[in-house]
2 protein chains.
Amino acid sequence: MQRRNTKQRKIVLDSIQKHMGHFTADEIYLRIHTEDPHISRATVYRNLQFLADEQQIRRVKMPNSSDMYERNLDDHDHMVCRICGAVMDVGPIHSRVDQKVEKISGFSDIQHTFLFSGICPACQKKLKKQKKQ
Amino acid sequence: MQRRNTKQRKIVLDSIQKHMGHFTADEIYLRIHTEDPHISRATVYRNLQFLADEQQIRRVKMPNSSDMYERNLDDHDHMVCRICGAVMDVGPIHSRVDQKVEKISGFSDIQHTFLFSGICPACQKKLKKQKKQ
DNA sequence: ATATATGCAAATAGTTTGCAAGGAG
DNA sequence: CTCCTTGCAAACTATTTGCATATAT
């Protein structure tokens, strides 16, 4: 099983590489589609999976919404705004907690997904304005 | 808008109360359905939402699979086996981290979802056996 | 040459919704 | 008597899959 460097795979990878931030598969498909209307949705989905499995990009699992993809491979966690959905990187928070949890649970090969949610500064402002009215 | 105590709502709540563990909406529907084949899937889904919103039960958001529901309302986090999917409670891990994250992110009203994954003791045993063969 | 990758369309799965009928307060 | 809740079926959405064709190596 050898990987092939197709035009489409390169387009998908480039699309992640040149935008900072966090995007769903469909958002990435849409972005690509405006530039190259020929590439298919299935191909974008398949390549995102592939690239994430190969660790060339990072897949971020979100509760209650689609996985997102980002180019930042460094260890870190995420914060999402409960109003507007904006996602930002935080941390990394406490890698050591994995060892602690390994001891108390008996599970091995611990990984974690830490997701914080809150109200982002922009939405806080908007809420204050609404109150004043 | 006033809550009504329907027979179906009581059945759904009871079904959570009397089983410890973590279940998807559909698992709960199936369990109820064997006892009362009359109750509909939509009703079970709606009532689980309702009861979770009312904090009578807890909704646990899982990345990449359906939300689960549990009767344990105490503050805690979760650990899921990457092989068999078993879920167990852990923690609570570090409530204080929320304040730290509030400072560095500028977000307010921080909540978190910590999900750990690993290989559960039972699956560890099975893996060892497989190696020996 | 040959196995991997693509594009299309259809399938899937889990959940939600519209609506008419039922029933709790 | 109200209007919240139910049951049914249809709708929905994001993602995956089967298959014939194209293409990288």
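Letters A, B, ... mirror the listed sequences (proteins, then strands); counts begin at 1.
Side-chain atoms of His33(A) do not come within 3.5 Å of backbone N or O of Arg31(A) as any donor-acceptor pair. Under the 3.5 Å distance criterion, the side-chain polar atoms of Thr43(B) are left unmatched by any main-chain donor or acceptor of Ile39(B).
The separation between Ile39(A) atom CD1 and dA22(D) atom P is 18 Å, rounded to whole Å. When rounded to the nearest whole Å, the span between CG of Asn64(A) and C1' of dG14(C) equals 12 Å. A straight line from CZ of Arg59(B) to C1' of dT15(C) spans 13 Å, rounded to a whole angstrom. Note: CZ (Arg41(A)) to P (dG7(C)) measures 13 Å, nearest angstrom. Computed from coordinates, the Arg9(B) CZ to dG25(C) P distance equals 10 Å when rounded to whole Å. Remark: P of dG7(D) and CD1 of Ile32(B) are 11 Å apart, rounded to the nearest angstrom. Asp26(A) places its CG atom 6 Å from the P atom of dA14(D), with the value rounded to the nearest Å. Between the P atom of dA14(D) and the OH atom of Tyr29(A) lies a distance of 13 Å, rounded to the nearest Å.
The environment of His38(B) atom NE2 is sparse: at most 12 non-hydrogen atoms of other residues, nucleotides or ligands sit within 6.0 angstrom.
For Tyr45(B), the side-chain atoms get nearest to dT15(C) when compared with the rest of dT6(D), dT5(D), dT15(C). Across dA5(C), dT25(D), dA14(D), the shortest atom-to-atom separation from the side chain of Thr6(A) is found for dA5(C).
The base of dG7(C) lies close enough to the side chain of Arg46(A) for a donor and an acceptor atom to sit less than 3.5 Å apart. Between the side chain of Arg3(B) and the base of dG25(C) there is no donor-acceptor pair of N/O atoms closer than 3.5 Å. Between the side chain of Arg4(B) and the base of dC3(D), at least one donor-acceptor pair of N or O atoms lies under 3.5 Å.
At dG22(C), none of the side-chain N or O atoms of Gln8(B) fall inside 4.0 Å of OP1 or OP2 (strictly under the cut-off). Between Ser66(B) and dA13(C) there is no side-chain polar atom (N or O) within less than 4.0 angstrom of OP1 or OP2. Dashed line: the shortest gap from a side-chain N or O of Thr43(A) to OP1 or OP2 of dG7(C) is under 4.0 Å. In this structure, Asn47(A) reaches the dT6(C) phosphate: one of its side-chain N or O atoms is under 4.0 Å from OP1 or OP2.
Each of Phe50(A) and Ala42(A) was matched to the nucleotide of DNA chain C holding its nearest heavy atom; the match closer to the 5' end belongs to Phe50(A).
Ionic pairing of Asp26(A) and Arg41(A) is present here: one or more N-O contacts between side-chain nitrogen and carboxylate oxygen are shorter than 4.0 angstrom. A salt bridge links Arg59(B) to Asp53(B): at least one charged side-chain nitrogen sits closer than 4.0 Å to a carboxylate oxygen.
Gln49(B) comes within 4.0 angstrom of the backbone, heavy atoms only, and of no base.
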